[in-house]
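Numbers restart at 1 for each chain; the letters A, B, ... are given by sequence-line order, proteins then strands.
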Amino acid sequence: MTPTRKRRLIAIGLILTGVGVASTIAFYSLQQNLLYFQSPSEIAEVAMPPGRQFRLGGLVKPGSVDRAKDGLSTHFIVTDGPAEIVVQYVGTLPDLFREGQGVIARGALNEEGMFMATEVLAKHDENYMPPEVADALEKTGYTVKNE
Amino acid sequence: MNPDTRKMKTDRPRKNPLVMFIHKLGSPPWFYGFTGKFVPWLWAVFTVLTVWGLYLGLIKAPPDYLQGEIYRIMYIHVPAAWMSMMIYVLMAGMGFIALIWRIRTMEIMAMNSAPIGAAFTLIALATGSLWGRPTWGTYWVWDARLTSELVLLFLYLGVIGLFKAMDEPRKAARAASLLALVGLVNLPIIHFSVKWWNTLHQGSSISLTGSKIDPSMLWPLLIMAVAMKFYYAANLITRSRVTLLQQDLRKSWTRDVIEDATPERIL
């Protein structure tokens, strides 16, 4: 390698190292802001004040979905295992919304600690399979695991 | 280049065949002739694989247990998203070689990669958005995966813009290559965003340890992924050959090429 090329290589190497270090530091300090949603356990930990907007993510607890008689509002429990939060939502739910499914709800807690959602999004996981395979898995007692 | 350095260059023995090959690729007439032989084959393989992959994916593969038929958009979305990242890495790699060794064909190939990569990024974002609406319930969210992929599109547009903004194509290519190299920091962020942070976008279905896609649905995806790689190679080489002819319009090798390709009655 000629001296000119070596010099260019060193210059570019230094630029890239600098950019790399700067962005690593930036990402470490921004970590918290990059979380798109928080789980029920995380909410319990920080003692979220009522009225503060945030996104709640977790699984819809099986058996907890309760559709009101007016056909618009829905109550369900979002859980991540150790902690759970009751959610109330008025509006149409996405197609993928079902018990056991991952969801992300935007809204705030009310005074009673119930989460009043203004938007509910369904999260889907990385598994893809034909219906027959899913049925067969269910029969053997293996539940298709949602995130 | 002064005559002394030119002499020194030719005298030095080059034993490594890879280094020899890269040096030969650096010669425009050799590059033009060498690529001309196989570029039609790249287009042919791309066409066959795409037709086969789409047939398997859109018709033969079974519906998904949860999403039904809509999941088939995966056969466009996932290969496009993979390509958007792979092309960026290759563009930056070729830009790196261009910056240090000043090889003109590398500059040309790095710059011609940008519009192809930008197109794949746009396809990934658009198909993802169309897929998100019926499944997640929204066209767009500002989660880490979607946002970092959007940043990738802006990086491509930045590289294209910087290249076009300067008059001298060789200097412009090197400036844009440096931007491409700096933008590499975004790639691990795109890839690991679904692991590092909570995102609406799900985690990777395919990793080094295996696939979470049923084999009956996986094969069409892999075929499409390979087809897109052939598309990139074919498109890049076709573009680069044209750029070489444009830049070397007054050189003797270009005149030979044009004369060979022109029917006699026109000459």
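Contact annotation for B:Ile189: only side-chain heavy atoms (C-beta onward) come within less than 4.5 Å of a heavy atom of chain A. Only the side chain of A:Ile15 has a heavy atom closer than 4.5 Å to any heavy atom of chain B. In this structure, chain B has a heavy atom under 4.5 Å from the side chain of A:Ile104, while its backbone stays farther away. B:Val185 touches chain A through its side chain: at least one heavy atom from C-beta onward sits under 4.5 Å away, while N, CA, C and O do not. Heavy atoms closer than 4.5 Å to chain A are found in both the backbone and the side chain of B:Thr135. Only the side chain of A:Arg98 has a heavy atom closer than 4.5 Å to any heavy atom of chain B.
Side-chain N or O atoms of A:Ser73 include none that pairs as donor or acceptor with a backbone N or O of A:Val90 at under 3.5 Å. Remark: the backbone N or O of B:Ala61 is paired with a side-chain donor or acceptor of B:Arg72 at under 3.5 angstrom.
Residues A:Tyr89 and A:Phe97 place their aromatic rings such that the two centres sit no closer than 6.0 Å.
Residue B:Glu69 comes nearest to B:Pro63 through the heavy atom pair OE2-CB, 3.7 Å, listed as atom of the first residue, atom of the second, then distance.
Ranking B:Asp143, B:Leu200, B:Thr147 against chain A, the residue ahead of the rest is B:Leu200, based on heavy-atom pairs under 4.5 Å.
In this structure, A:Arg106 fails the cation-pi test against A:Phe54, since its NZ or CZ atom is not both closer than 6.0 Å to the six-membered ring centre and inside 45 degrees of the ring normal.
A salt bridge links B:Glu107 with B:Arg170: the distance from a Lys NZ or Arg NE/NH1/NH2 to an Asp or Glu carboxylate oxygen falls below 4.0 Å.
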